[in-house]
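All chains are named by letter (A, B, ...) in the order of the sequence lines, taking the proteins before the strands, and each is independently numbered beginning at 1.
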There are 4 protein chains.
Amino acid sequence: MSGTLNKVMLIGHLGDEVKMHYFEGGGCIGRFPIATNETYTNRQTGEKVTNTEWHNIVVRNKAAEICEKYLSKGDKIYVEGRLKTRQWQGEDGNTRYSTEIQVQDFTFLSTKSESMSNAQSNTPQEQRPISGNPGTKPIENTAHVSEPEPEDDLPF
Amino acid sequence: MSGTLNKVMLIGHLGDEVKMHYFEGGGCIGRFPIATNETYTNRQTGEKVTNTEWHNIVVRNKAAEICEKYLSKGDKIYVEGRLKTRQWQGEDGNTRYSTEIQVQDFTFLSTKSESMSNAQSNTPQEQRPISGNPGTKPIENTAHVSEPEPEDDLPF
Amino acid sequence: MSGTLNKVMLIGHLGDEVKMHYFEGGGCIGRFPIATNETYTNRQTGEKVTNTEWHNIVVRNKAAEICEKYLSKGDKIYVEGRLKTRQWQGEDGNTRYSTEIQVQDFTFLSTKSESMSNAQSNTPQEQRPISGNPGTKPIENTAHVSEPEPEDDLPF
Amino acid sequence: MSGTLNKVMLIGHLGDEVKMHYFEGGGCIGRFPIATNETYTNRQTGEKVTNTEWHNIVVRNKAAEICEKYLSKGDKIYVEGRLKTRQWQGEDGNTRYSTEIQVQDFTFLSTKSESMSNAQSNTPQEQRPISGNPGTKPIENTAHVSEPEPEDDLPF
DNA sequence: TTTT
DNA sequence: TTTT
């Protein structure tokens, strides 16, 4: 399918460290929040208002490992992905919703890490060994990674 | 500001009619859900899986009026906007979140309406009289509308 | 790499049929033009002006085959890719430039073809046999295809 | 109109200073090139290849003034706009083409300028006095500017 | 050269 | 709750 498009593009700063989860099958997932800002001027009062929006970013497998290795709180990142709203049952029995950005592509726009490898990844295979990708030649402070297309749903 | 980017681009089908809310000051807001689909093949089982994702679309003022007038359940639309997560207190006292797409631009990709005006709007003024824009010359079945930048927060 | 982004997103109509080129190694390339329109009102004269912009679309391998099979002049398509400006020597010895959109992803938004297969492709391998993907089950009139990341430069 | 979309999004570095042109009517235009990079690994040789792509950026009026004031060669910028291919007659009588990105929105991602104002602009009026927008409160090193929708064609 |  |  499907004649539809589901795309999100964000540039923002990490509000926290990357939190990793590892699965038995060998896969993993990383999560972190990023903040975007919007500023405008209130027409009545003339005062400037800044709103901060928080986004839940989810990265998988090799991309997650790279993010964990090179990103820290405060770093700036470009993220591209799709919106996914998960739902679950709250303790009170009510359905709760949480909207996430499932990352397909990203580029570091700043990092505090002094040594950053040229971390481009276009490897399409799933669950490939997370190995020699980063680490060798600390060339620059940016990385560009493309995710393979959606795999099976991990239990998230 | 602000060195950040908050952008969503969707092509999908309306799952329901546009629901309008009118404010005392003259402004209005329209809401409708759109569905996007993602299809992939499960690598273990080989079966094809389709996931539907639902997005809460929010349009304002003139753009809302145009959407209400020309869009119906099932119609296909391109929507561009920014992510905004609203929060409120649930009856149980817990904080609830709801993520919306606040529309900045859209284009109709199909409509059932037989008569559709050439609804291009780039008018920047807020709360301008919703007047002759739609309705007069039913030229085509597409519309392209750009929203002026964010105004004051309406009570939504 | 690289901390940069090169992205184009278009919705437009094919101005001509898909033209295919086949290479010895088994790869292929498809080219077609798509038109986008921009309409605005001249502020001095009040008259409505429409500008048409033409874009040179380039698709590779499996994606090219799908486009050739299902797209015709006049069809509407969503195309996502990157900008690439090729240059060559004109007969007069001057350098000439031509900017193309190298497709990474696309979705059919309309087709005249009566039988359209469910042509989703996320296969990452290069030069894979172009085989059973289209053709079998004519399910719908949309296709969604993602290109694997850039390969070696074909002689184009 | 028009049921079409013409959108480019780039993150790249300025390859040169902003070149300004001023018109009699009071408008102005700024031009500068930005570079994006693409890196991939040649599958035959295993060597890493980097391609640089150059894009011709065109900004108008107030946005142009801001760019000229705060951007320098080497700075990083996010740019959003539409593709436009201009054509003209070469001296040899042949038609030449040049594709540009006409900026609608941008955000500075780095600047060398020590004092940078909070340069958000969503002013919709054409040819408005380029005045107090920048300069007052040097808050940060980023700017975010949205262009009003297309105006009359300037002689460019 | 498309579409409305 | 859409569409194919």
Practice item. Just do the salt bridge (Lys or Arg N to Asp or Glu O under 4.0 Å) check on D/E53 and C/K84 with the steps written out, would you? Key: CA-CA 7 Å; D/E53 199 64 31; C/K84 179 154 196 176; 5.4 Å; no
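The interatomic distance linking C/K76 (NZ) with E/dT2 (P) rounds to 15 Å, in whole Å. For B/H55 and F/dT1, the NE2 to P distance is 17 Å, given to the nearest whole Å. Distance OH (B/Y78) to P (E/dT4): 20 Å, rounded to an integer number of Å. Here F/dT1 presents its P atom at 20 Å from CG of B/L71, a figure rounded to the nearest Å. Atom CG in A/N6 sits about 14 Å away from atom C1' in F/dT2, given to the nearest Å. In this structure, B/R31 atom CZ and F/dT2 atom P are separated by 20 Å, rounded to whole Å. C/L109 has its CG atom 12 Å from the P atom of F/dT4, to the nearest Å. Separating the NZ atom of B/K48 from the P atom of F/dT3 is a distance of 20 Å, rounded to the nearest angstrom.
In this structure A/E80 satisfies the salt bridge (Lys or Arg N to Asp or Glu O under 4.0 Å) test together with A/K7, C/K7, sequence neighbours excluded.
Among the protein residues, B/T52 comes within range of the nucleic acid bases, having at least one heavy atom under 4.0 Å from a base atom.
Under the stacking definition used here (centres under 5.5 Å, planes under 30°), the residue B/W54 fails to qualify as stacked on the base of F/dT2.
Of the candidates E/dT1, F/dT3, E/dT3, the closest approach to any side-chain atom of B/N37 belongs to F/dT3. The nucleotide whose nearest atom lies closest to any side-chain atom of B/P33 is, among F/dT1, F/dT2, E/dT1, F/dT1.
One distance of note links OH of B/Y78 with CZ of B/F108; it measures 14.0 Å at 0.5 Å rounding.
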Scan the side chains in residues 11-18 of chain B for donor-acceptor partners under 3.5 Å anywhere in the protein, sequence neighbours excluded, and list what turns up.
| from | atom 1 | to | atom 2 | distance (Å) |
| --- | --- | --- | --- | --- |
| B/H13 | ND1 | B/G74 | O | 3.1 |
| B/D16 | OD2 | B/K19 | NZ | 3.1 |
| B/E17 | OE2 | B/K73 | N | 3.2 |

